[in-house]
Undergrad: 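For reference, the structure I am asking about is given below.
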Amino acid sequence: MEAGSISVILYGVAVLLVLGAAFGLGLAVASRKLAVESDPRIDEIEELLPGANCGGCGYPGCRGLAEAIVAGEAPVTGCPVMKDHAPIAAVMGVENTAAERKIAKVRCAGGLKEAAQRFIYIGVEDCAAAQNLGGGAKACTFGCLGLGSCVKVCPFGAMKMSENGLPVVDEEKCTGCGLCVKACPRQIITLWPVEKKVTVLCMNTDKGAAVRPVCKVGCIGCRLCSKNCPTEAIPVENNLARIIPELCINCEVCVEKCPMKTIKGEKKQESAAG
Amino acid sequence: MNEYVLIVLSAIFINNFIVARFLGICPFLGVSKQVETATGMGMAVTFVMALASGITYWLQKVLVKFDIEFLRTITFILVIAVLVQFVEMVIKKSSPVLYQALGIYLPLITTNCAVLGVTILNVDENYNFLQSVVNGIGGALGFSLLLILFAGIRERLAFAPLPKAMEGIPIALITAGLISMAFLGFSGFDLAALLGL
């Protein structure tokens with residue numbers, strides 16, 4: 001090797017090293033001087049949040065919620081997934097106003113056994129796709145399409161399809177993030193307080209005469225539940241009974257009175273799910 | 001003095017980086033949806049280009065002294081990258097909104113060929129220190145001018161009744177082509193004669 005070529009390498013390395021060191025030092029100083037001070041509570045709260053970034057709170061990820069909580073835009077109970085919000089309340093120095101835990105409730109009991117089918121659907125295993133294909137195979141145009149889009153979207157593995165073709169929610173695993181609520185093209189799933197055991201498992205607003213042929217367990221709007229409810233928690237609108245969770249006292253009178261077995265309480269629902 | 005006026009004017013109109021040299025097209029199309037962000041981008045590029053022109057002038061001297069001019073591209077890019085990092089910090093600190101709006105295009109100034117282009121052109125043209133800096137500022141002004149012009153047009157285009165297939169990028173590219181042709185008209189000017197130099 002010539003002496004010249006070695007010096008070229010040496011100079012090249014030296015110049016790059018000096019440049020790199022000088023620029024690196026300059027940037028290090030600049031980053032100190034120009035550091036953006038973010039509230040340390042944001043990081044603390046983000047640590048406490050589940051970190052699943054499910055978006056159930058309505059903010060872009062857990063970091064987004066943490067920023068909103070610190071900014072005072074979101075309540076400390078903003079995360080629907082967390083069961084205990086006390087640590088976040090402690091960071092913010094406010095009282096933990098415990099929000100009642102909500103879980104997903106599938107408001108349809110018309111599975112393969114109970115509901116009539118209009119045709120056999122062979123296509124994409126997706127509820128929205130089936131919905132677009134002539135409104136799906138089920139004769140009831142309000143009920144569960146049974147293709148499990150909600151099950152697929154659940155990030156916590158809290159849903160599964162029963163043999164009867166209806167999604168079943170695991171109450172323990174369900175965090176109430178609401179992703180299944182959005183996934184359902186028929187808006188059957190709702191977030192329901194976990195303490196309230198009684199639900200009307202039907203969304204059909206057709207008149208009773210139209211409901212009977214398509215589903216054995218559809219609400220016919222007979223108002224028996226409404227009349228017998230001690231707290232008047234079940235108004236019937238558009239031929240469909242609806243329970244107001246705030247007024248329900250879990251007495252399950254309606255469950256006994258319902259002639260179609262549409263309203264289910266804790267015990268009944270367990271047997272239906274199994 | 002006249003010489004510097006010439007350099008600036010020719011860098012803005014005749015040898016415009018975007019429409020005559022076709023450098024820096026990426027931010028030209030990427031950050032030209034709003035006049036406000038386009039202005040911010042223009043300012044950032046102006047800062048980087050002017051400083052990069054100045055620093056690389058001395059750097060080129062060093063490279064020539066040690067006979068290692070083949071390292072020009074990597075060292076120049078290094079200078080530009082450092083400047084961009086610095087600008088990013090400043091913008092993040094002073095204007096988080098602009099920081100969000102510029103997004104990925106801010107760090108991408110590093111690889112903006114217009115910035116590297118101006119530093120290498122300075123070397124090729126054998127400009128002295130002041131000429132280099134002036135050329136850098138002029139080039140950046142030309143870049144900013146086009147960016148803001150284009151953003152202004154695109155803001156109006158957003159509300160124009162266009163065929164569906166033409167919306168967004170297609171009409172933007174056609175507009176860019178038309179602007180480029182309009183600027184082609186400047187290439188016929190003999191600036192020196194025009195200004196009586």
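Throughout, protein chains are lettered first and strands after them, A, B, ... in sequence-line order, and every chain is numbered starting at 1.
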Undergrad: Distance from Ile68(B) atom CD1 to Ile9(A) atom CD1, nearest 0.5 Å?
TA: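 Spacing of CD1 (Ile68(B)) from CD1 (Ile9(A)) equals 11.5 Å.
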Undergrad: Got more than 12 heavy atoms from elsewhere within 6.0 Å of CG, Leu130(B)?
TA: yes
Undergrad: Answer yes or no: are there more than 12 heavy-atom neighbours, outside Phe159(B) itself, under 6.0 Å from its atom CZ?
TA: no
Undergrad: Heavy-atom distances under 4.5 Å only: say whether Val62(B) touches chain A with side chain, backbone, both or neither.
TA: side chain
Undergrad: Taking atom CE of Met43(B) as the centre, does the number of heavy atoms from other residues, nucleotides or ligands within less than 6.0 Å exceed 12?
TA: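 Count not over threshold, so no.
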Undergrad: Could you grab the distance from atom CG of Leu27(A) to atom CG of Leu83(B), nearest 0.5 Å is fine?
TA: 9.0 Å
Undergrad: For chain B and chain A, give me every donor-acceptor pair shorter than 3.5 Å, distances to one decimal.
TA:
residue	atom	partner	partner atom	Å
Lys93(B)	NZ	Ala35(A)	O	3.2

Undergrad: Apply ring pair (Phe, Tyr, Trp, His ring centres under 6.0 Å) to Phe28(B) and list each qualifying residue two or more places apart in sequence or on a separate chain.
TA: Phe150(B)
Undergrad: Taking side-chain contact (heavy atoms from CB on, under 4.5 Å) as the criterion, tell me which of Val13(A), Leu16(A), Val8(A) meets it with Leu71(B).
TA: Leu16(A)
Undergrad: Counting C-beta onward and ignoring hydrogens, is there a side-chain heavy-atom pair between Leu59(B) and Leu19(A) closer than 4.5 Å?
TA: yes
